[in-house]
Asks: 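Structure in structure tokens, see below.
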Amino acid sequence: MSEAAATPPAPLDFIREMIAADLAAGRNGGQVVTRFPPEPNGYLHIGHAKSICLNFGLAQEHAPNARCHLRFDDTNPTKEEVEYVDSIMADVKWLGFDWGTHLFYASDYFEKLYQFAEQLITKGLAYVDDQTQEEMRLNRGTLTTPGKRSVYADRSVAENLDLFRRMRKGEFKEGEKVLRAKIDMASENMHLRDPALYRILHAHHHRTGNAWCIYPMYDYAHPLSDALESITHSLCTLEFEIHRPLYEWLISNVDGLPGSPYQREFARLNLTYTVMSKRKLLRLVKEDLVNGWDDPRMPTISGLRRRGITAAAIRSFCKTIGLTKFNSLTEIALLEHAIREDLNKISHRAYGVLRPIKVVLTNYLEDQVEHFEAANHPEDPTAGSRQVPLCRELYIESDDFMEFPSDGFHRLKPGGEVRLKFAFCIICQEVIKDDAGNIVELRCTYDDTTRHGKKPEGRTKPKGIIHWVSARHAIDAPVRLYDRLFTVETPDADAGEDGDFTQFLNVASLEIIPNAKLEPSLKDAAPGTHWQFERVAYFYADPIDSKPDAPVFNRTVTLKDGWVKK
RNA sequence: UGCCUCAUGGUGUAAUGGUAACACAGCAGAUUCUGAAUCUGUUAUUCAAGGUUCGAAUCCUUGUGAGGCAACCA
């Protein structure tokens, strides 16, 4: 029996169900065409990853009769920059998706969009309005009262055409005139109260330069761009739900469109202990509250990547969270699970001691050095092994020793015994302190009969197994310990309307250990490689700050810690 | 104050009128040269009230709660 027959098909989310129904009904000639349409005004974050996995995922699932376009929604030149275009393309690729030849820009359609606007004017469905922004706002009415149509709404087609052409020519100042759709000033949907289609912006555009001084609004450009690309399913987040009637109005009132897409909305991703809006992320960067867009604490794709989170983990996470219209708040633990699951498979193990205590093996020869074989991966023999040196003086993790152990602590304690993993067992004979009472050294004896996992003769085998690093051979390396950026689950909500979310910034979100003691093999850790420091956490050799023979490590995520102090 | 959308364990989702299930988190145990991983077990769920029906998480009504909407932003 084939595997496909044995496993029940994964349940479809409401979007995939809709698409399946379209396909079953023979719509769109059996094609599925989606698009990921970011505005290049910031860096992509994990919320975008959800949309990317959906749109590009759909294209993969329905291959070969499907594709996903990458389209830059660059209709507001005052906010957009090439830097963002470049980073977005890099991030989508890194996530493992490929738009092939289907790279587009809304700005590529400016001429066509302009012609469609003239068409709407000719049909009497659009007019040039001279009202000020303030007048327009006043005449729009409120949520409970209808609006009043502009006194300019009755201009003739010829006059509108003339005015619109002169808008394009640059005869007017910004704000002087605007092109509006003529729909319904009394609509319960504010977006249908004669929405603006074009505004005057004497601004330089990152792609069209100074060719244009009128720019289409999102609500106008988006549906028509979708149609021009023969998009079949235009998927966006819930806040655009209210825009849908306008989307449909444009699609049905403009003639000569090659496609007739429809829009559906899903809930955006919210994650605990972070913020997701571009505006807030921009603020963190601009005010130097983090170290740039790719700060490993940021929820940006570039930040996650630099933290050491893999594309596979992000894709798996996006699969787990599903797709609904429910405005949810996902626990960061779900992401961490996906990260650990992937990193556990791919990371080689090594020893790193973050907060060292010196251990002296009093019965070990002063000059002696020996090497112990250590497996690179406990569940993957093909990962091979390495030789880890050991000498009389070692470092162990300060957490692994307790002078006055609490119940259930089975690491090293005075008079107690632990195993040095892959080496032998040691017993703590003496605790040396300085004048201030700080522990400076542990004097231990080792048991030569306990090599290679053998249990001590005539005794029960110690429960504690700890990692260690030879003092003489250890390398020093900077290690950055990252933690959640905020101290509360919902910094935006807790700050409230007028509050400042930055008050909840976690001051301990970054701790730098300048000189962690690492096993010597880690000296060769290539930038951009993933490691598990056994019993500590997953780390990533920073691809930017690491130098040859001088790696710098970022903590990606800690290991789960099943030991609860009693 | 009007309209639109949504509501299933602590969290995220499934069940498409017919036994409320899965993952994460939690807890307990087994196992372990990582207190990890793995394996086993386990706690805990249909917003409320009515109605339709042999039967409702699902359909209807009302209520409650949450989110969205009045840029020449996207």
Side-chain angles (χ1 to χ4, degrees), chain A residues 10-14 17 37-39 41 73-76 78-80 129 131-133 136-137 140-147 174-180 187-191 193 195-201 214-215 217-219 221-222 236-245 265 267 272 278-279 317 320-338 340-341 344-345 349 351 374-375 378-379 408-411 419-425 450 452-455 461-467 532-538 558-564:
Chain A
L12 299 182
D13 55 67
F14 76 106
E17 261 176 13
E39 182 189 18
N41 68 343
D73 225 328
D74 54 351
T75 56
N76 185 354
T78 64
K79 287 189 175 173
E80 297 151 7
D129 196 348
Q131 290 183 109
T132 64
Q133 238 177 110
M136 272 182 69
R137 193 178 61 77
R140 186 152 29 228
T142 70
L143 294 173
T144 51
T145 56
E174 287 188 13
E176 231 179 292
K177 287 189 167 35
V178 62
L179 184 74
R180 291 229 258 170
S187 173
E188 279 156 347
N189 185 339
M190 300 298 288
H191 294 270
R193 321 250 264 224
L197 265 25
Y198 269 90
R199 79 286 212 182
I200 298 170
L201 246 30
I214 56 171
Y215 289 91
M217 302 289 293
Y218 162 86
D219 276 320
H222 202 89
C236 60
T237 45
L238 246 29
E239 67 269 28
F240 293 102
E241 201 161 31
I242 194 100
H243 297 239
R244 189 151 110 197
E265 312 81 13
T272 54
K278 272 189 190 172
R279 215 189 77 245
F317 170 70
T320 309
I321 57 175
L323 196 70
T324 66
K325 299 185 76 163
F326 176 61
N327 214 300
S328 60
L329 176 65
T330 300
E331 285 180 351
I332 194 77
L334 230 54
L335 209 212
E336 290 177 349
H337 171 75
R340 291 190 185 105
E341 193 175 42
N344 178 46
K345 278 187 303 201
R349 315 287 132 122
Y351 290 161
E379 287 152 17
F409 181 80
H410 49 246
R411 278 107 90 162
R419 168 169 293 286
L420 299 181
K421 192 174 177 190
F422 292 128
F424 38 57
C425 297
T450 58
H452 309 298
K454 279 211 249 359
K455 81 178 181 102
K461 82 178 186 186
K463 277 188 179 164
I465 300 163
I466 64 173
H467 60 284
Q532 185 199 96
F533 293 1
E534 285 205 41
R535 304 206 312 121
V536 179
Y538 291 100
T558 59
L559 256 27
K560 276 182 72 172
D561 188 359
W563 183 57
V564 279

Asks: Are any non-hydrogen side-chain atoms of Lys345(A) and Glu341(A) less than 4.5 angstrom apart?
Replies: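 A side-chain contact is absent here, since even the closest heavy-atom pair is not under 4.5 Å.
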Asks: Rounded to the nearest 0.5 Å, how far does CD of Glu331(A) lie from CD of Glu336(A)?
Replies: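 That separation rounds to 10.0 Å.
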Asks: For Ser328(A), answer base if it contacts any base atom (sugar-phosphate contacts may also be present), sugar-phosphate if it contacts only those atoms, and nothing otherwise; contact means non-hydrogen atoms under 4.0 Å.
Replies: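 Ser328(A): backbone/sugar contact only, no base atoms under 4.0 Å.
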Asks: In whole Å, measure the gap between the P atoms of rG12(B) and rA30(B) for me.
Replies: 34 Å
Asks: To the nearest 0.5 Å, tell me how far Arg411(A) CZ sits from Ile466(A) CD1.
Replies: 9.0 Å
Asks: Leu420(A) CG to rC33(B) P: how many Å, rounded?
Replies: 15 Å
Asks: Write down the distance separating the P atoms in rA21(B) and rA15(B), rounded off to the nearest Å.
Replies: 14 Å
Asks: According to a cutoff of under 5.5 Å between the ring centres and under 30° between the ring planes, does His337(A) stack with the base of rA25(B)?
Replies: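 Not stacked: fails the 5.5 Å / 30° test.
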Asks: Rounding to a whole Å, what distance do you find between Leu334(A):CG and rG12(B):P?
Replies: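 Going from CG in Leu334(A) over to P in rG12(B) covers 9 Å.
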Asks: Looking at Lys79(A) and Glu39(A), does any basic side-chain N land under 4.0 Å from a carboxylate oxygen?
Replies: no
Asks: Please round to the nearest 0.5 Å and tell me the distance separating atom OH of Tyr218(A) and atom CG of Asn76(A).
Replies: 14.0 Å
Asks: Heavy atoms under 4.0 Å, any strand shown: does Leu329(A) hit a base, just sugar-phosphate, or nothing?
Replies: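 Sugar-phosphate only.
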Asks: What is the separation between atom CD1 on Ile332(A) and atom P on rA25(B), rounded to the nearest whole Å?
Replies: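 From Ile332(A) CD1 to rA25(B) P: 13 Å.
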Asks: How do Asn189(A) and Ile466(A) order along RNA chain B: which one's closest nucleotide is nearer the 5' end?
Replies: Ile466(A)
Asks: Is Met217(A) close to Thr75(A) at the side-chain level, that is, under 4.5 Å between some pair of heavy atoms?
Replies: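 When only atoms from C-beta onward are counted, Met217(A) and Thr75(A) do not touch, as no gap falls below 4.5 Å.
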Asks: Would a 4.5 Å heavy-atom cut-off, applied to side chains only, mark Arg535(A) and Lys421(A) as touching?
Replies: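 They are not in side-chain contact.
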Asks: Under 3.5 Å, is there a donor-acceptor pair between the side chain of Ser187(A) and the main chain of Asn189(A)?
Replies: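 It does hold such a pair.
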Asks: Got a second to check how far Glu80(A)'s CD is from Asp74(A)'s CG, nearest 0.5 Å?
Replies: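 The CG atom of Asp74(A) is 5.5 Å from CD of Glu80(A), to the nearest 0.5 Å.
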Asks: What's the CZ-C1' distance between Arg340(A) and rA25(B), to the nearest Å?
Replies: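 To the nearest whole Å, that distance equals 11 Å.
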Asks: Can you build the contact string for nucleotides 5-10 of chain B? Use B for base contact, S for sugar-phosphate-only contact, and - for no protein heavy atom under 4.0 Å.
Replies: SSSS-B
Asks: Would you please confirm or rule out a distance under 4.0 Å between OP1 or OP2 of rU13(B) and any side-chain N or O of Thr324(A)?
Replies: yes
Asks: Is the backbone N or O of Thr450(A) less than 3.5 Å from a side-chain atom of Arg419(A), with the two atoms forming a donor-acceptor pair by type?
Replies: yes
Asks: It should be established whether Arg535(A) places a side-chain nitrogen or oxygen under 4.0 Å from OP1 or OP2 of nucleotide rG35(B).
Replies: yes
Asks: Contact class for Lys560(A) (heavy atom, under 4.0 Å): base, sugar-phosphate, or nothing?
Replies: sugar-phosphate
Asks: Which whole-number value in Å describes the distance from Arg193(A) CZ to rC3(B) P?
Replies: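 My rounded result for the distance is 13 Å.
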Asks: Provide the distance between the two P atoms, one in rU8(B) and one in rC72(B), to the nearest whole Å.
Replies: 36 Å
Asks: Applying a 4.0 Å non-hydrogen cut-off, can you work out what Phe409(A) is touching in the nucleic acid: base, sugar-phosphate, or nothing?
Replies: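 Since a base atom lies under 4.0 Å of Phe409(A), the category is base.
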Asks: Roughly how far, to the nearest 0.5 Å, is the CD atom of Glu265(A) from the CD atom of Glu239(A)?
Replies: 9.5 Å
Asks: Which value, rounded to the nearest 0.5 Å, describes the distance between Asn344(A) atom CG and Arg349(A) atom CZ?
Replies: 5.0 Å
Asks: What interatomic distance, in whole Å, is found between C1' of rA57(B) and the corresponding atom of rG18(B)?
Replies: 13 Å
Asks: Measure all distances between protein nitrogen or oxygen atoms and nitrogen or oxygen atoms of nucleotides 29-31 of chain B, and list the pairs falling under 3.5 Å.
Replies:
none

Asks: Can you tell me, in whole Å, how much space there is between the C1' of rA25(B) and that of rU31(B)?
Replies: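 It works out to 22 Å between them.
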Asks: Can any side-chain N or O of Arg137(A) pair as donor or acceptor with the backbone N or O of Thr132(A) at less than 3.5 Å?
Replies: no
Asks: Let me spell it out: for each of Arg419(A) and Tyr538(A), pick the nucleotide of RNA chain B with the closest heavy atom. Which residue's pick is nearer the 5' end?
Replies: Arg419(A)
Asks: According to a 3.5 Å limit on both distances, what stems of 3 or more consecutive Watson-Crick or G-U pairs are formed with RNA chain B?
Replies: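 So the stems come out as B:2-7 with B:64-69, B:10-13 with B:21-24, B:26-30 with B:38-42, B:47-51 with B:59-63.
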Asks: State which residues pass salt bridge (charged side-chain N to carboxylate O under 4.0 Å, His left out) with Arg193(A); sequence neighbours excluded, sorted by chain then number.
Replies: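 Partners of Arg193(A) by the salt bridge (charged side-chain N to carboxylate O under 4.0 Å, His left out) criterion come out as none, since no residue qualifies.
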Asks: Would you measure the distance from the C1' atom in rG29(B) across to the matching atom in rU43(B) and give it in whole Å?
Replies: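 Roughly 15 Å separates the two C1' atoms.
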Asks: Dump the pairs, protein N or O against N or O of nucleotides 72-74 of chain B, anything under 3.5 Å, distances to one decimal.
Replies:
{"from": "rC72(B)", "atom 1": "OP2", "to": "Arg140(A)", "atom 2": "NH1", "distance (Å)": "3.4"}
{"from": "rC72(B)", "atom 1": "N4", "to": "Gln131(A)", "atom 2": "O", "distance (Å)": "3.3"}
{"from": "rC72(B)", "atom 1": "N4", "to": "Gly175(A)", "atom 2": "O", "distance (Å)": "2.8"}
{"from": "rC73(B)", "atom 1": "OP2", "to": "Arg199(A)", "atom 2": "NE", "distance (Å)": "2.8"}
{"from": "rC73(B)", "atom 1": "OP2", "to": "Arg199(A)", "atom 2": "NH2", "distance (Å)": "2.8"}
{"from": "rC73(B)", "atom 1": "O3'", "to": "Arg199(A)", "atom 2": "NH2", "distance (Å)": "3.1"}
{"from": "rC73(B)", "atom 1": "O2'", "to": "Asn76(A)", "atom 2": "ND2", "distance (Å)": "2.9"}
{"from": "rA74(B)", "atom 1": "OP1", "to": "Thr75(A)", "atom 2": "OG1", "distance (Å)": "2.7"}
{"from": "rA74(B)", "atom 1": "OP1", "to": "Arg199(A)", "atom 2": "NH1", "distance (Å)": "3.3"}
{"from": "rA74(B)", "atom 1": "OP1", "to": "Arg199(A)", "atom 2": "NH2", "distance (Å)": "3.0"}
{"from": "rA74(B)", "atom 1": "OP2", "to": "Tyr218(A)", "atom 2": "N", "distance (Å)": "2.8"}
{"from": "rA74(B)", "atom 1": "O4'", "to": "Glu39(A)", "atom 2": "OE1", "distance (Å)": "3.4"}
{"from": "rA74(B)", "atom 1": "N6", "to": "His243(A)", "atom 2": "NE2", "distance (Å)": "3.2"}

Asks: Please check: side-chain N/O of Thr272(A) versus main-chain N/O of Ile332(A), any donor-acceptor pairing under 3.5 Å?
Replies: yes
Asks: Looking at every strand, decide which applies to Glu336(A) at a 4.0 Å heavy-atom threshold: base, sugar-phosphate, or nothing.
Replies: nothing
Asks: Atom CZ of Phe317(A) to atom P of rC24(B): distance rounded to whole Å?
Replies: 14 Å
Asks: Extract from the structure each pairing of a protein N or O with an N or O of nucleotides 62-64 of chain B at less than 3.5 Å, listing the distance.
Replies:
none

Asks: Which pair of non-hydrogen atoms, one from Ala374(A) and one from Phe422(A), has the smallest distance, and what is that distance?
Replies: CB-CD1, 3.4 Å
Asks: Ignoring hydrogens, what is the shortest heavy-atom contact between Ile200(A) and Glu174(A)? Give both atom names and the distance.
Replies: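 Reported closest heavy-atom pair: O-CG, 3.4 Å.
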Asks: Look at all strands and tell whether His410(A) reaches a base, only sugar-phosphate, or nothing, counting heavy atoms closer than 4.0 Å.
Replies: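 Counting heavy atoms under 4.0 Å across all strands, the contact made by His410(A) includes a base.
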Asks: For rC33(B) and rA37(B), measure between their C1' atoms and round to the nearest Å.
Replies: 14 Å
Asks: For rA20(B), measure the glycosidic angle (O4'-C1'-N9-C4 for a purine, O4'-C1'-N1-C2 for a pyrimidine) and name it syn if it falls within 90° of 0, otherwise anti.
Replies: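 Classified anti.
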Asks: Measuring only the P atom in each nucleotide, how far is rG67(B) from rU34(B)? A whole number of Å is fine.
Replies: 48 Å
Asks: Is there a side-chain contact between Glu241(A) and Lys325(A) in this structure, where contact means two heavy atoms from C-beta onward sitting under 4.5 Å apart?
Replies: yes
Asks: Find out whether Val178(A) and Tyr198(A) are in side-chain contact, i.e. whether some heavy atom of one side chain is under 4.5 Å from a heavy atom of the other.
Replies: no
Asks: Separation of Lys463(A) atom NZ from rA36(B) atom P, in whole Å?
Replies: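 Whole-Å distance recorded here is 13 Å.
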Asks: Rounded to whole angstroms, how far apart are CZ on Arg244(A) and P on rC3(B)?
Replies: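 Value for this atom pair: 19 Å.
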